[in-house]
Amino acid sequence: MSRHPEVKWAERADKVYLTVQLPDAKNVKVNLDPEGIFTFSASAGAGNHVYELKLDLFDKVNVEESKINVGVRNTFCIIEKVEQKWWKKILRGDAKPPHYVKVDWDKWVDEDDESGGPPDLDLGGMDFSKFGNMEGIGGDDFEDSDDEDEGTKPEDQENENVEASELEGQKNEKEAVPEEKEVTPNT
């Protein structure tokens with residue numbers, strides 16, 4: 001029996017964002033039908049469990065203009081709608097969406113707030129084929145910097161420098177005082 005991955009979704013008048021949350025997925029297969037049938041299958045986890053998903057989207061979609069990126073942590077899809085209109089819900093039918101289909105609040109914009117909400121996630125021109133093999137992530141390419149004073153005012157930096165030198169002086173005073181040890185006589 002297969003399992004279902006978690007799916008997050010959000011929409012705009014012209015597109016739907018689907019994110020299939022399945023880290024370290026192998027043998028990923030994604031299919032999008034013009035009628036709005038979205039299918040996903042992959043294996044993941046220590047036991048190479050099979051995950052499958054079939055979503056009957058609310059309306060027809062433009063397969064040619066849609067984009068799919070299979071990444072290390074998830075599969076991200078930008079599904080273009082045939083008609084530029086807001087859907088009443090994500091799936092066809094009267095049933096409640098399955099428990100593994102959730103709203104992606106990070107990408108969500110209300111229908112009446114579309115112009116004033118967060119910027120649209122139009123990733124036009126971005127090559128999604130390169131996302132899965134990003135090199136250098138987690139490597140030693142970045143120096144660990146403790147420079148937290150980049151956005152501080154000059155007078156704040158002076159105060160921090162004075163405080164740091166005072167702390168350093170206190171530390172040196174402690175080091176200069178010899179530690180008293182309890183001495184027990186040898187018998």
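The residues of the chain are indexed from 1 along the displayed sequence.
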Test of understanding: with side-chain contact (heavy atoms from CB on, under 4.5 Å), list the residues that count as partners of [X], not counting sequence neighbours.
X   : answer
T75 : V20, V28, V30, F40, I68, V70, C77
V50 : S2, E52
N62 : E64, E65, E80
N48 : K26, S43

Using a 4.5 Å cut-off on heavy atoms from C-beta on, say whether the side chain of [Y] contacts that of [X].
X    : Y    : value
E11  : V16  : yes
V103 : I90  : no
R12  : V109 : yes
S41  : L53  : no
L55  : V101 : yes

Requested in this report: Please confirm whether W9 and W87 have ring centers closer than 6.0 angstrom.
Outcome: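 Between W87 and W9, which both carry aromatic rings, the centre distance is not below 6.0 Å.
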
[X] side, atom [atom1]; [Y] side, atom [atom2] - distance, nearest 0.5 Å:
X    : Y   : atom1 : atom2 : result
D110 : W86 : CG    : CH2   : 7.5 Å
Y51  : L22 : OH    : CG    : 6.0 Å
F38  : L18 : CZ    : CG    : 5.5 Å

**Report entry** Qualifying residue, where the test is side-chain contact (heavy atoms from CB on, under 4.5 Å) with D14 and the options are K81, E83, Q84
**Finding:**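 Output: one option passes, namely Q84.
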
Report task. Answer yes or no: is there an ion pair linking D56 with R92, defined by an N-O contact shorter than 4.0 Å? Result -> yes

**Report entry** Residue pair L32 / V63: nearest heavy atoms and the distance that separates them
**Finding:**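 Scanning both residues, the minimum pair turns out to be O-CG2, 3.5 Å.
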
Query raised in the report: What's the shortest heavy-atom distance between A44 and A25, and which atoms?
Result: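 Closest approach of A44 to A25: CB-CA, 4.1 Å.
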
Taking side-chain hydrogen bond (donor to acceptor under 3.5 Å, both in side chains) as the test, write out the residues that go with [X], two or more places apart.
X   : result
Q21 : none
R73 : none
D33 : none
D59 : none

Requested in this report: Output all residues satisfying ring-ring contact (aromatic ring centres under 6.0 Å, His included) with H49, sequence neighbours left out; order by chain, then residue number.
Outcome: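 Per chain and number, H49 pairs via ring-ring contact (aromatic ring centres under 6.0 Å, His included) with no residue.
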
Report task. May I have all residue pairs that pass salt bridge (Lys or Arg N to Asp or Glu O under 4.0 Å) and include part of residues 93-105, sequence neighbours excluded? Result -> E6-K102, D104-K107

Query raised in the report: Considering residues at least two apart in sequence or located in another chain, which fulfil the salt bridge (Lys or Arg N to Asp or Glu O under 4.0 Å) criterion with R3?
Result: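 Partners of R3 under the salt bridge (Lys or Arg N to Asp or Glu O under 4.0 Å) test: none.
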
